[in-house]
Asker: 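Would you mind keeping the following structure in view while I ask a few things?
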Number of protein chains: 2
Amino acid sequence: MSDTTPTVFIVDDNHSVLRSLSRVVRQAAYKPVTFSSADHFLDAIAHAPVQPACLLLDLHLPGMNGLEVQKHHAAIPAACPIVFISGNATIPATVQAIKNGAVTFLAKPFDHDDLLKSIEEALEKHRAQISELTQTGSIHDRIASLTEREREVMAWVISGSLNKQIAAQLGIVEKTVKVHRARVMEKMQTASVAELVKLCVVAGFESAKA
Amino acid sequence: MSDTTPTVFIVDDNHSVLRSLSRVVRQAAYKPVTFSSADHFLDAIAHAPVQPACLLLDLHLPGMNGLEVQKHHAAIPAACPIVFISGNATIPATVQAIKNGAVTFLAKPFDHDDLLKSIEEALEKHRAQISELTQTGSIHDRIASLTEREREVMAWVISGSLNKQIAAQLGIVEKTVKVHRARVMEKMQTASVAELVKLCVVAGFESAKA
DNA sequence: CCCACCATTGGACTTTGGTCCAATAAGTGC
DNA sequence: GCACTTATTGGACCAAAGTCCAATGGTGGG
């Protein structure tokens, strides 16, 4: 089982279901990891390395139900997509699950094909999510490497302000703004205001302008 | 019934259901507009003025089912949000409906409160959608007012290219680029590259760079 | 044929941005 | 105290962008 094999987490309180799902997952060349309770899963996932994965989750669980697990799970940044499974699902629960971001909701009994298709969809979604996170993560790192003053100057730069306007706003001389600005461009690894603006947009960094 | 009253479209092949829903909707101070077939609704909505509205849609309809109606309806830009209603809904149909953007899926019988809450959610969503469209619409108008050449130059400008680089790419002189560029800024009503980039981002206008 | 629009270019000039080098001062940590 | 970071400023200088002026050639429509 190599490291590049996608992991499929399976949470269900019924051991025979776990075994059965595990078998299907393993036969599809994925790596099944089972949990018989939500708590165990959440504990394990919290410190797991980030890699393509998905979660097969039973809606009915002792203690915390599937929707609650989904909520807790969504709190972590690299949370993997969820495929819900249930024998007696209600429409409202299904609506809730999908609106909260679940890939799909499979009602038992379901085709193996549907399951595998859903797993593949979830994994693909997670791969995209991870690559997205990797990108924005590096941008956030760069923003974090800026000093307060530099961040302040950057906020004004991406608002389209001139150096002299920024200087007036901050109560300093234009020359100083130029220095900060140059350092911003260097640390953010951008060669133009256009690039800088686009980085800030994807990173969610707001521009100034009182 | 004033013009500012939100409209609630209702599509159901059962006339007694239409009457019943109409009454509830009217009592909640909304303006009900009923259709007994999908085709009639799609025809009507295609030329209706854009204003806050939502659609109560039965999953089971003669001819075209609810999911298909949703698909066709989604094709128009200002499409109002959909609240599905059905007496015998399946989990897969529910999943499909929500994944395709439905606000919710109400299984009969349902509380009037749930219905009204869903309608309000849908209307709120549509208001946001309309205001979004109004904004981006005006940006698209400005982009449309540019000549082909100007759009081309803008694509390079927002990529962060220098005038001389743009000139080289287009096989023209830097001076000409300056002229186009000035006209772009004027027509787009922007005073800085930063603003221009942000407009292009929200309008989905892609930057150049081979 | 003339007009309007568009793309193109030139020249002169100002403003702005970016880049060197260099310096001072305050705060932080060892 | 000394090294380090950060914020601040100055001067000189070059490159880039913006702004006036004016002009030419093509194209499509009335």
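Letters A, B, ... mirror the listed sequences (proteins, then strands); counts begin at 1.
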Asker: Examine B/F41 together with B/H73 and report whether their ring centres are nearer than 6.0 Å.
Answerer: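 Yes, the ring centres sit under 6.0 Å apart.
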
Asker: Rounded to the nearest Å, what distance is computed from the CD atom of residue B/E186 to the P atom of nucleotide D/dG18?
Answerer: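 My rounded result for the distance is 13 Å.
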
Asker: Verify the contact: side-chain N or O of A/R181 to OP1 or OP2 of C/dG18, cut-off strictly under 4.0 Å; return yes or no.
Answerer: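 For C/dG18, OP1 or OP2 has a side-chain N or O of A/R181 closer than 4.0 Å.
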
Asker: Whether A/T176 contacts D/dA7 is assessed here as follows: a side-chain N or O lying under 4.0 Å from the phosphate OP1 or OP2. Is that the case?
Answerer: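 The answer is no; no side-chain N or O of A/T176 sits under 4.0 Å from OP1 or OP2.
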
Asker: The side chain of A/V179 is closest to which nucleotide in this list: C/dT19, D/dT8, C/dT9?
Answerer: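 Nearest to the side-chain atoms of A/V179, counting from C-beta on, is D/dT8.
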
Asker: Atom CD1 of B/I172 to atom P of C/dT8: distance rounded to whole Å?
Answerer: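 To the nearest whole Å, that distance equals 5 Å.
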
Asker: B/P52 and B/L123: which non-hydrogen atoms are nearest, and at how many Å?
Answerer: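 Minimum heavy-atom contact is C-CD2, 4.1 Å.
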
Asker: Would you call A/K117-A/E124 a salt bridge at under 4.0 Å N-O?
Answerer: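 No salt bridge links A/K117 with A/E124.
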
Asker: Compare side-chain N and O positions of B/K164 against OP1 and OP2 of D/dA16 and report whether any pair is under 4.0 Å apart.
Answerer: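 Yes, within the criterion.
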
Asker: Closest to the A/K175 side chain: D/dA16, C/dG17, D/dG11?
Answerer: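 For A/K175, the side-chain atoms sit closest to D/dG11.
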
Asker: Using OP1 and OP2 only, check whether a side-chain N or O of A/T147 sits under 4.0 Å from D/dT5.
Answerer: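 No, no such contact exists.
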
Asker: Heavy atoms from C-beta onward define the side chain here; which of C/dT9, D/dT8, C/dA7 lies closest to that of B/R149?
Answerer: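 The answer is C/dA7, which lies nearest to the side chain.
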
Asker: Nearest nucleotide by nearest heavy atom, which residue falls closer to the 5' end of DNA chain C, B/K178 or B/L170?
Answerer: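 Its nucleotide being nearer the 5' end, the pick is B/L170.
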
Asker: Please report the closest heavy-atom contact between A/I91 and B/F105, naming both atoms and the distance.
Answerer: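 Smallest heavy-atom distance, with atoms named: CG2-O, 3.6 Å.
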
Asker: Once you round it to whole Å, what is the distance between C1' of D/dA7 and CD1 of A/I166?
Answerer: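 So the CD1-C1' distance, A/I166 to D/dA7, works out to 16 Å.
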
Asker: Could you tell me the separation between the CD atom of A/E174 and the P atom of C/dT15, rounded to a whole number of Å?
Answerer: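 Distance check: A/E174 CD to C/dT15 P gives 12 Å.
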
Asker: Rounding to an integer number of Å, can you tell me how far A/R183 CZ sits from D/dT6 P?
Answerer: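 Atom-to-atom, A/R183 to D/dT6, this comes out as 8 Å.
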
Asker: Quick check on C/dG17: is either OP1 or OP2 less than 4.0 Å from any side-chain nitrogen or oxygen of A/N163?
Answerer: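 True: A/N163 side-chain N/O within range (under 4.0 Å) of C/dG17 OP1/OP2.
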
